Every structure is written in structure tokens, then in C-alpha cells.
Enquirer: 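Please read through the structure below; I'll follow up with questions.
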Amino acid sequence: MSTHGESKPNHATAEGKARFVEVALPLPLHASYTYRVPTALEHRARLGDRVVVPVRRREVVGVVVDREADPPVGITIRDLLAAPDSTPAIPEPLLETARWMASYYGAPLGLALRVMLPRDLWGSSRVMVTLRNGDRPEVGGLAGELIGTLARRGGEAPLPSLTHALRRPLWDVLARLTMIGLVSLRCEPAKRQPAKALQRVVEITGEMLTLVERAERFRNAPKQRLAYETLEQMGGTVPVRHLLEEVSAREGVVRSLVKAGLVRIGRVPLHRDPFATDPGVAPPDRLSPRQAEAVEQLQGYGPGERALLYGVTGSGKTVVYLKVIEAALAQGEGAILLVPEISLTPQTVGRVRGMFGDAVAVVHSGLSDGERLDAWRAIRSGERRVVVGARSAIFAPVQRLGVIVIDEEHEASYKNGETPRYHARDVAVVRARTEGARVIYGSATPSLELWSAPATRLHRVTLPDRVGHRPLPPVEVVDLRTAPQVRGTGAVPWSEVMEAAVAHTLDRKEQALLLLNRRGFSAYLQCSSCGDVPTCPSCSIALTVHRAPEQLRCHYCDHRVPVPTQCAACGHPVQQARGIGTQQLERAVAERFPAARIARMDLDTTGPKWSHHRILSAVERREIDILLGTQMIAKGIDFPGVTVVGVVDADTALHLPDFRAAERTFQLLAQVSGRAGRGPAGGRVVVQTRRPDHPAIRAAATHDTDGFLTEELTARQSPPYPPHTEIVNLLVSGDEELRVGREAAELAEWVEALIQHHGLALQVLGPAPCPVARIKSRWRWHALVKGTRRDLGRLVRYLAPRLAASGSIRIHLDRDPVSLL
Ligand code: ADP
Ligand code: ZN
């Protein structure tokens with residue numbers, strides 16, 4: 001490593017033998033760094049301590065990962081500059097978890113550690129140099145200049161400003177001066193944003209405009225209409241900057257809307273914690289016998305054991321988790337409760353708050369860096385013993401961790417989308433083992449991975465009925481190929497059955513949820529007569545339509561065929577399926593039901609998170625009659641007023657080119673159906689599809705989760721897909737399409753050669769373009785490697801440190817991918 005560049009003699013300490021430590025830095029580097037521990041820091045630099053170290057001309061915060069390292073021979077080693085923690089920032093079990101992540105996912109250890117600490121504890125820290133009081137022997141040269149400068153600045157200054165003032169690197173001098181006790185180094189967090197920082201927001205004023213009024217007002221101002229409607233869809237209040245970015249417009253657009261009296265500009269605190277003042281919801285008075293039994297079973301499991309709480313939607317799983325957590329707290333233990341996304345599950349948070357009050361830390365994306373750090377400290381010190389949060393809360397430094405609960409374990413959001421590409425579900429296993437905690441997974445639609453796990457590794461506890469013996473809602477499947485349709489809805493499929501169901505609900509002043517899954521990024525071909533979709537013969541995923549040249553391609557193995565002119569199944573002339581979006585759906589629904597109050601929720605990747613919270617609250621207060629949106633409305637909401645759930649087109653998710661398409665479709669249908677009929681008024685579900693015979697749709701219609709999972713498990717045998725085999729996805733991306741394809745081919749060849757050479761039980765598929773062939777102007781190709789866990793592990797450990805970026809080309813390794821788009 002070239003980072004130990006400057007030469008400096010290795011002094012021995014007074015006691016004789018110097019101590020060296022290995023430090024992991026939060027950088028994408030697979031190397032470790034050795035530093036010497038100066039006398040002043042002898043009692044620090046423990047395992048898991050943060051330390052400040054020189055790297056080239058900078059100081060960087062790292063973490064000690066080996067406290068008794070052997071000094072490398074032949075290079076000079078520099079000293080640690082500071083060790084600011086009174087207790088190690090990374091407790092040992094977390095360090096061990098990070099080591100496992102590094103090795104399993106092929107991530108640099110420093111990056112695995114980086115996700116464990118709040119940002120304020122990393123690079124933004126500053127080294128402060130302080131002049132010690134007492135006798136000051138005369139020193140000359142650079143040391144003298146340094147002391148003079150410090151004295152002029154009141155005895156203390158940040159290191160970078162001193163380096164700047166003296167125009168020379170100061171490491172060597174500082175090492176000498178700290179050794180003789182003339183100066184000391186200290187690390188302090190960067191300045192925080194003031195808690196009260198305000199930001200400008202734009203808000204809709206008055207009543208929403210009707211469609212007719214909109215057409216009128218915005219006749220010559222499409223940009224204004226777009227801005228207005230985007231604002232509406234984001235919940236009615238959004239930071240000005242965010243709205244302008246979202247619609248790529250300039251400030252003038254907002255000014256025009258203000259002038260027209262449609263919106264106003266206000267100022268609100270930059271960071272708001274919507275949970276800070278929420279008192280929460282009290283738990284139900286008593287458990288049902290089933291729930292009580294589940295609690296008892298779950299409490300009986302020992303340290304390191306895992307259990308799946310498999311309970312239908314509305315079976316009262318949340319209370320069960322809370323009771324188990326309560327018992328852990330009574331034993332002096334702490335707990336972590338993971339939810340897929342905090343802003344979509346405000347009710348769960350409310351219930352946890354209602355039960356544990358101030359013992360709870362809610363960690364969510366709306367916190368400022370400072371608030372995040374405060375929460376982390378409160379958890380690390382034991383002041384807060386229950387943590388609720390999304391994926392990364394799995395790393396919360398809870399003291400005496402006794403229980404980890406992962407709600408809706410099947411959710412894809414538990415997998416991190418960047419390095420380290422960890423899955424919280426699997427990290428939990430390692431963390432629980434190192435801390436002696438229990439893991440409880442909960443779902444109404446378990447992932448195949450957990451559902452098929454042997455009983456020796458995963459206990460199973462079931463809640464087969466809804467609370468209060470409410471039935472699951474009847475599901476009506478409408479065959480779009482034959483069912484009578486309402487005219488005038490354009491491309492939006494809208495059957496008479498759907499129309500009647502929604503109308504009936506509105507008449508009774510109840511609420512409707514309408515789901516339209518985000519359209520596949522890639523178009524598949526579907527026969528409008530029989531509903532057949534051409535799939536790859538060797539990969540069994542839907543083929544994707546390509547334009548130039550016109551053909552169908554498999555995005556796993558790159559199999560290609562010409563676009564057929566006739567359906568292979570029924571001979572009907574084929575047409576490409578047309579896609580519709582939620583905006584079109586909203587227009588169509590608004591025209592059908594002009595008096596209804598409609599809200600739309602679909603910006604799941606870019607929207608400001610708290611608008612979801614606001615829309616959901618409005619639905620809860622029954623200020624909204626129809627909520628429509630993408631899969632995000634299918635999550636854990638519990639609104640008794642919802643009596644109809646409509647799935648507008650169940651086929652979009654079914655034909656994504658992903659081997660999990662059927663599983664995801666089933667989960668989505670079962671989950672969204674689970675939103676209906678939670679109140680005394682009951683409820684029903686209407687599913688529109690062209691494939692009523694598809695196993696995922698049939699099973700969802702009959703609430704037959706086990707039946708679906710059994711069938712799907714068999715379907716994954718040939719060709720083999722998880723859980724019958726394991727997968728690593730190798731992703732190559734870059735600016736130039738041709739080069740990306742070439743690099744992907746070389747990578748696949750290299751992997752193939754490694755497999756041959758080492759006799760690994762692995763198989764390479766591809767390379768092929770990713771189903772989403774381009775993201776942010778970067779082209780993407782991938783290759784899949786399938787095989788046993790052991791051999792994939794060997795491959796990952798060999799390959800990961802050797803995948804160097806070159807030019808614009810980046811290679812990512814994704815072990816156990818949850819999405820292959
Ligand atoms: P799940 O997570 O299994 O879908 P929830 O935990 O959301 O179910 O519970 C569904 C509803 O039933 C919630 O409104 C909850 O407050 C209520 N509930 C749960 N347990 C009980 C109980 N023992 N008595 C009364 N109501 C309950
Ligand atoms: Zn294929």
C-alpha cells in the first residue's frame with residue numbers, strides 16, 4: 001500500500017515494545033492499514049474504537065479491527081493521531097457481524113463498518129490540536145512555529161487550519177509534541193446543523209381543483225399543471241426545491257401558481273420528527289388465546305434460535321411482537337424491531353410507542369444527522385432499549401440485545417442496494433448468534449427461503465385466523481379477456497364488476513384502495529385473446545420486446561427469437577401489451593366518480609418520505625374516499641373504513657423478467673387483499689387479469705398461501721432457482737454500451753475459467769443486458785452465477801478484491817440478489 005508514504009523512524013515506547021493496530025477505513029478498499037499506537041493513546045485504541053489516522057495528507061476516521069497487529073516489514077508506519085471514544089463505538093458482536101458481512105458479501109470491511117455508525121461519527125469529525133498548560137521548553141523550527149501559532153489562536157485550533165497556516169504536513173511534529181506532552185489531539189464531531197433550520201415549502205391552498213377547472217386554468221400552462229398535480233400527489237406540501245427538481249421547472253412556475261392563488265409559500269423546520277410528539281396507540285386490553293399461545297411459544301426459544309410467526313393479514317402479529325419484547329425488557333434485555341419502511345408503517349410505530357413510551361428510539365430517514373447521532377448515543381448508552389427502524393436499524397448498538405423482530409420479512413427492502421449489499425434478514429442471524437439474541441420473523445406471505453427452511457433451523461408459530469374471527473375478504477377474479485368493460489376509460493382496464501364495487505363502497509361512505517403496479521420497465525408480449533406470454537425455454541422468465549433489432553430477448557441468458565406474428569398458444573395475431581400509469585388511472589377514476597376525494601401515492605423512490613405519512617393519515621381520518629397507487633399502498637396499513645380493494649391489472653408484476661415474479665405477484669395480491677375488511681363493515685377484493693388460471697392469481701383468490709408456496713417451490717426446481725440453489729449477480733455498468741457488453745463477456749469468461757480451474761460446483765448464466773438496460777445514462781449488463789453456498793463463497797472471496805473499476809466501467813457483486821432488474 002502506498003498510504004504509508006512519508007518516512008518516519010519507528011520509535012519504541014518507553015516500556016520497550018511498541019503496539020501496532022490494524023485499522024479499517026470507510027473507503028472502498030480491500031486492504032487494511034497498520035498504525036503505531038503512541039504512548040499517549042496506550043489505553044485507547046481498543047478493538048472497535050474509532051481512531052483518527054493520517055492517510056496521505058488527510059486525517060481519516062477509522063475503526064480498530066485488530067489491536068495486536070504485527071507491523072509490516074519494510075515500510076514505515078505512522079502513528080494514530082487520536083482516539084476519541086471513551087467506550088468503543090463498535091461493540092465486539094457488531095465487529096464480528098461486520099467481518100461476516102465483509103467475507104460473505106465480498107465487501108470491504110471498512111464499508112461494512114461504515115453502515116453501522118451514524119455519519120457524524122465518520123469523516124466529518126475534526127481533529128483539534130490543543131496546547132497543554134505548564135512549562136514550555138524552548139523549541140525551534142517547525143515545532144516552534146506550530147506552538148507560536150497555537151498560542152496566538154488561544155491555545156486551540158483545528159488541524160487542517162494549522163496545516164494550511166504553516167504550509168507543511170505536521171504529522172511528524174505533532175507526534176513528537178504529543179509524546180512529550182506539549183500538545184494533545186482530540187477529535188470532535190463536525191458542527192451540527194442548527195436544529196431549527198427552516199426551509200421553504202410550497203403548499204396547496206384551498207380546495208383542490210376539479211378536472212374541468214384544471215383544464216380551464218392550465219390551458220396554456222402545461223408546466224404549471226404538472227407542478228400543481230405533482231404537488232397534489234406528493235401530499236400537498238413539499239419543499240420548493242424538491243418540487244422544482246421533480247418536474248424540472250424553474251422558480252417562475254411556482255411564482256405563477258402563487259399569483260393565481262393556488263399555492264402559497266411557507267417556512268417549516270428543515271427536520272421534523274413526526275414521531276417526536278406522537279403519544280402512540282395503547283395496545284389491546286387482552287390477547288386472543290391464539291396470540292397468547294404464540295407469545296408463550298416465542299418466549300420459550302433460547303438464545304440464537306429463530307422462529308417464523310406465520311399469521312394471516314390482520315391476525316394481530318404486532319401485539320405478539322410487542323409482548324415478546326416486553327418480556328425481554330423485563331429481563332433487562334433490549335430489542336430491535338425492523339419494519340420495511342417507517343413512513344409506510346406509521347401505525348406500527350404508534351403501537352410500539354404506545355407500549356414502551358420513552359424506552360423507544362425510532363430511527364428513520366426523516367432524522368437529521370444530529371438527531372441520528374443523538375439516537376445512536378441514547379441506544380449505545382442503554383438509555384433507549386427498544387429500537388424501531390428500517391433495514392439499517394439491524395446495526396443499532398442495543399445493549400444486551402435479547403430479541404430481533406423482522407416484520408414482513410418477505411419485503412425486498414431488507415436488502416441493501418449498495419455496497420455492502422447485505423440482507424437484514426441474514427445479518428440478523430449472525431448478530432443474534434454473536435449476542436445470544438432470538439430472531440422472530442413475521443409474515444402473512446413468507447419468502448420461499450424461510451418457508452422452506454427445515455424445522456431444525458427455524459421454528460414455526462402460526463396465527464391462522466384474523467383477530468375477532470373476521471373472515472378474510474372474498475376475492476373476485478375478473479377475466480379481462482371476456483368480462484364486460486365500462487367504456488370511455490381509454491387504455492385503463494375497467495370492468496363493470498370493478499365499477500360496481502367501487503360505486504357501492506362510495507355510496508356507503510366507505511373507502512376504496514386501487515392498486516396499479518408500476519409497469520414493467522421492459523415490455524413483454526401478451527396475447528390479448530388467450531393471455532399467453534412468451535418465456536425463455538431455459539430460464540422460464542418472460543421474454544422482453546426489443547426494438548432495434550426487433551426481437552424478443554431473455555435478460556438472464558440472452559436467448560433471442562424474432563417477434564412472433566401469431567400467438568404460439570392459440571394462433572391469435574399478437575399485439576404488444578400497452579402500458580398504463582397511475583396518472584391515467586387517476587383521470588379515469590376521477591371521471592367515473594367526480595364527487596370522490598381521490599389521493600394518489602406512487603413516488604416510492606423519489607418522493608419526500610413524509611408525504612406518504614400525510615396521505616395515509618388523511619385516509620385514516622377518512623378525508624379520502626379512494627386511495628390509488630403502486631405497491632406502496634399494499635403495505636402494513638390497517639384502516640377499518642376500507643371495504644373494497646381493486647387490483648387494476650394483476651399481470652404487470654406477473655411478467656417482470658425476474659424468477660421471483662410469481663412470488664412477488666402473490667405477495668402483492670395477498671397483502672393488498674389483506675387491507676380489505678378489517679372493520680365491522682367487512683370487505684371484498686376485485687382482481688382484474690388476463691391470466692385467471694395462473695397459480696399466483698388462483699392461490700391469492702382462495703387465500704391459499706401454503707398451496708402457492710408448495711407449487712412455487714416445485715417450479716423453482718428446474719431450472720434451479722433459490723431456495724434450491726444460491727445466486728450471485730455480477731453487474732457491469734458504464735458509459736459506453738459496447739464496452740459494457742464486452743467487459744461483461746470477459747468477466748463471465750474469467751469466472752468460467754475460475755470455476756473450471758478450481759472445480760467449483762457453479763454455473764454461469766449470461767452475460768445479458770439487465771432488464772433495466774440503462775439507469776442514469778449508464779448501460780448495464782449482468783451475469784448470474786448459480787451454485788452451492790460453499791463454492792459461491794469461495795468465488796466471492798477470490799473475486800471481490802480483484803474487481804477493479806477501469807475508466808467508467810464499474811463491476812458490482814450482488815450475493816443473494818432480491819431483484820434482478
Ligand atoms: P397483522 O400485523 O397480523 O396484519 P395487526 O397486528 O395489524 O395484524 O392487527 C390487526 C388489528 O387487530 C389491529 O387493529 C389490532 O389493533 C387489532 N388487534 C390485535 N390484537 C387484538 C386483540 N387481542 N384484541 C383486539 N384487537 C386486536
Ligand atoms: Zn434465458
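Quick note: numbers below take in every heavy atom, side chains included, and nothing from hydrogens, waters or symmetry partners. What you see is a predicted model; the values in this text were computed from it and never measured. One-based numbering, in listed order, for ligands and for the atoms of each.
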Enquirer: Could you walk me through whether Tyr441 and Tyr310 pass the side-chain contact (heavy atoms from CB on, under 4.5 Å) test, one step at a time?
Expert: CA-CA 8 Å; Tyr441 301 107; Tyr310 178 18; over 6 Å; no

Enquirer: Check this for me, if you would: do Lys323 and Glu293 make a salt bridge, where the nitrogen-to-carboxylate-oxygen distance has to be below 4.0 angstrom?
Expert: no

Enquirer: Should the pair Arg438-Glu305 be classified as a salt bridge under the 4.0 Å nitrogen-to-oxygen rule?
Expert: no

Enquirer: Could you check, using the six-membered ring where one of them is a Trp, whether Tyr422 and Tyr414 have ring centers closer than 6.0 angstrom?
Expert: no

Enquirer: Is the closest heavy-atom distance from Val312 to ligand 1 below 4.0 Å?
Expert: yes

Enquirer: Give the atoms of ligand 1, by number and element, whose distance to some non-hydrogen atom of Thr313 is under 4.0 Å.
Expert: 4 (O)

Enquirer: Hey, does Gly316 come in under 3.5 Å of ligand 1, counting only N/O atoms on both sides?
Expert: yes

Enquirer: List every atom of ligand 1 that sits less than 4.0 Å from any heavy atom of Leu287, numbering the atoms from 1 in the order shown and giving each element.
Expert: 23 (N)

Enquirer: Considering only NZ, NE, NH1 and NH2 on the basic side and carboxylate oxygens on the acidic side, decide whether Asp625 and Arg597 come within less than 4.0 Å.
Expert: yes

Enquirer: By number and element, which atoms of ligand 1 are closer than 4.0 Å to a non-hydrogen atom of Arg286?
Expert: 22 (C), 23 (N), 24 (N)

Enquirer: So, for Asp658 and Ser819, which heavy atoms are closest and what is the spacing to 0.1 Å?
Expert: OD2-CA, 3.9 Å

Enquirer: Out of all atoms in ligand 1, which are within 4.0 Å of some heavy atom of Val319? Include the element for each.
Expert: 19 (C), 20 (N)

Enquirer: Looking only at heavy atoms of Arg351, does any of them come nearer than 4.0 Å to an atom of ligand 1?
Expert: yes

Enquirer: Can Ser288 be said to touch ligand 1, with heavy atoms closer than 4.0 Å?
Expert: yes

